[in-house]
*Asks:* 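Structure below; questions to follow.
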Amino acid sequence: MHDRTSPDVTPVPTVLAEDGVLLREGLIGVLERFGFSVVAAVGDAEALREAVTQHRPALVVTDIRMPPGFSDEGLRTAVHLRRDHPDLAVVALSQYVELSYASELLDSGAGTGIGYLLKQRVGDVREFASVLSKVVDGGTFVDPEVVRQLLRRSSDPLERLTEREREVLALMAEGHSNGAIAQQLVVSDAAVGKHVGNILAKLDLPPDDSVHRRVHAVLAHLRAEST
């Protein structure tokens with residue numbers, strides 16, 4: 001992940017979509033502080049579409065629920081934007097865990113450059129900026145609480161997984177590499193690799209060298225099992 005606060009790093013052009021004025025202004029300050037250049041800050045889905053067309057940003061940070069209907073306008077707009085601009089990184093913010101929204105976002109694009117984050121995480125501004133940087137760099141990040149609820153609601157074949165494999169799966173979903181998972185669980189890289197192989201086999205998913213595609217496939221499978 002790049003250090004975007006370095007003066008040698010070009011700020012990331014970003015479009016922010018949030019209808020709450022106070023939160024929008026606060027997010028602008030956080031983004032600018034951590035190396036993201038807010039080229040447009042808008043309050044509804046139509047303005048989001050227009051801003052992306054006009055500015056061609058590298059990143060969109062959008063609330064899921066926006067005017068006029070306050071349902072899933074922000075999400076649907078983000079999915080359409082990724083269809084038109086495949087390289088566009090998107091981080092969706094939600095007040096609550098809404099699994100159907102998470103699945104639609106994860107089903108867009110190739111499963112890279114996607115983030116699904118609960119708004120409560122924005123309180124830790126450094127963690128928030130780190131997630132944005134990870135997504136801009138092509139990573140995938142799913143809020144740990146979303147992962148926990150997916151795991152809780154899902155049934156077979158997740159019942160085939162051991163407790164340790166579930167821990168590895170949750171960390172995979174947060175976009176961690178095998179090495180990072182090994183560090184967090186205090187085990188060897190080889191052990192993590194074995195767990196990942198077992199997870200993919202038990203979920204009937206083919207091995208894939210791409211971490212982000214693998215995360216996308218696993219979460220899509222969990223989403224299907226939780227409906």
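All figures in this text were calculated on a predicted structure; none of them were measured in a lab. Only heavy atoms go into these numbers, but all of them, side chains included; no hydrogens, no water, no symmetry mates.
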*Asks:* Between CG of Leu132 and OG1 of Thr14, what distance do you get to the nearest 0.5 Å?
*Replies:* 7.5 Å
*Asks:* In Å and rounded to the nearest 0.5 Å, what is the CG to OG distance from Leu59 to Ser37?
*Replies:* 11.0 Å
*Asks:* Would you kindly confirm whether Val135 and Val122 end up in one hydrophobic cluster when ILVMFWY residues are joined by side chain heavy atoms under 4.5 Å apart?
*Replies:* yes
*Asks:* What's the spacing between Leu161 CG and Glu167 CD if we round to 0.5 Å?
*Replies:* 11.5 Å
*Asks:* Do you know which two heavy atoms are closest between Arg82 and Gly113, and how far apart they sit?
*Replies:* NH1-O, 3.3 Å
*Asks:* Please give me the minimum heavy-atom distance between Pro57 and Leu88, naming the atom from each residue.
*Replies:* O-CD1, 3.4 Å
*Asks:* Determine, step by step, whether Thr62 and Glu18 satisfy the side chain to side chain contact (heavy atoms under 4.5 Å, CB included) criterion, reporting the C-alpha distance in whole Å, the side-chain angles of both residues, the deciding distance to 0.1 Å, and the verdict.
*Replies:* CA-CA 6 Å; Thr62 181; Glu18 165 61 53; over 6 Å; no
*Asks:* Looking at side-chain heavy atoms only, is the closest gap between Arg56 and His85 below 4.5 Å?
*Replies:* yes
*Asks:* Please examine the side chains of Val42 and Leu16, heavy atoms only from C-beta on, and report whether any two atoms are closer than 4.5 Å.
*Replies:* no
*Asks:* Kindly determine whether Phe34 and Ser130 satisfy side chain to side chain contact (heavy atoms under 4.5 Å, CB included), including the steps that lead there.
*Replies:* CA-CA 9 Å; Phe34 285 95; Ser130 176; over 6 Å; no
*Asks:* So Leu31 and Val12, do their side chains get closer than 4.5 Å, heavy atoms only?
*Replies:* no
*Asks:* Can you give me the closest heavy-atom contact between Thr140 and Lys134, atom names plus distance?
*Replies:* O-CD, 4.3 Å
*Asks:* Quick one, Leu48 with Leu81, criterion side chain to side chain contact (heavy atoms under 4.5 Å, CB included). Give me CA distance, side-chain angles, the key distance, then yes/no.
*Replies:* CA-CA 9 Å; Leu48 171 58; Leu81 288 172; 4.0 Å; yes
*Asks:* Counting distance only, does the side-chain N/O of Asn178 pair as donor-acceptor with the main-chain N or O of Asp189 below 3.5 Å?
*Replies:* no
*Asks:* Do Ser133 and Phe36 have side chains that approach each other closer than 4.5 Å (heavy atoms only, starting at C-beta)?
*Replies:* yes
*Asks:* Would you call Lys119 and Asp63 a salt bridge, taking side-chain N to carboxylate O under 4.0 Å as the test?
*Replies:* yes
*Asks:* Which atom pair, heavy atoms only, marks the closest approach of Val15 to Ala51?
*Replies:* CG1-CB, 3.9 Å
*Asks:* Supply the atom-to-atom distance Leu117 CG to Glu127 CD, rounded to the nearest 0.5 angstrom.
*Replies:* 7.5 Å
*Asks:* Do the non-hydrogen side-chain atoms of Phe128 and Leu27 ever get within less than 4.5 Å of each other?
*Replies:* yes
*Asks:* Identify the two heavy atoms, one from Arg24 and one from Ala41, that lie closest to each other, and give their separation to 0.1 Å.
*Replies:* CD-CB, 3.9 Å
*Asks:* Please answer whether the main-chain N or O of Val196 pairs with a side-chain N or O of Glu165 as donor and acceptor at a distance below 3.5 Å.
*Replies:* no
*Asks:* Is there a side-chain contact between Ile199 and Met172, using heavy atoms and a 4.5 Å cut-off?
*Replies:* yes
*Asks:* Can you tell if the side chain of Asp72 reaches within under 4.5 Å of the side chain of Arg65, non-hydrogen atoms only?
*Replies:* no
*Asks:* Under 4.0 Å between a Lys/Arg side-chain N and an Asp/Glu carboxylate O for Glu163 and Arg166?
*Replies:* no
*Asks:* Before giving the answer on side chain to side chain contact (heavy atoms under 4.5 Å, CB included), spell out for Arg164 and Val187 the whole-Å C-alpha distance, their side-chain angles and the decisive distance to 0.1 Å.
*Replies:* CA-CA 11 Å; Arg164 175 63 88 184; Val187 298; 4.3 Å; yes
*Asks:* Under the side-chain hydrogen bond (donor to acceptor under 3.5 Å, both in side chains) rule, what pairs show up with a residue in residues 43-53, not counting sequence neighbours?
*Replies:* Glu46-Arg49, Arg49-Thr77
*Asks:* Is the shortest side-chain heavy-atom distance between Tyr116 and Val91 below 4.5 Å?
*Replies:* no
*Asks:* Would you kindly confirm whether Ile64 and Met66 end up in one hydrophobic cluster when ILVMFWY residues are joined by side chain heavy atoms under 4.5 Å apart?
*Replies:* no
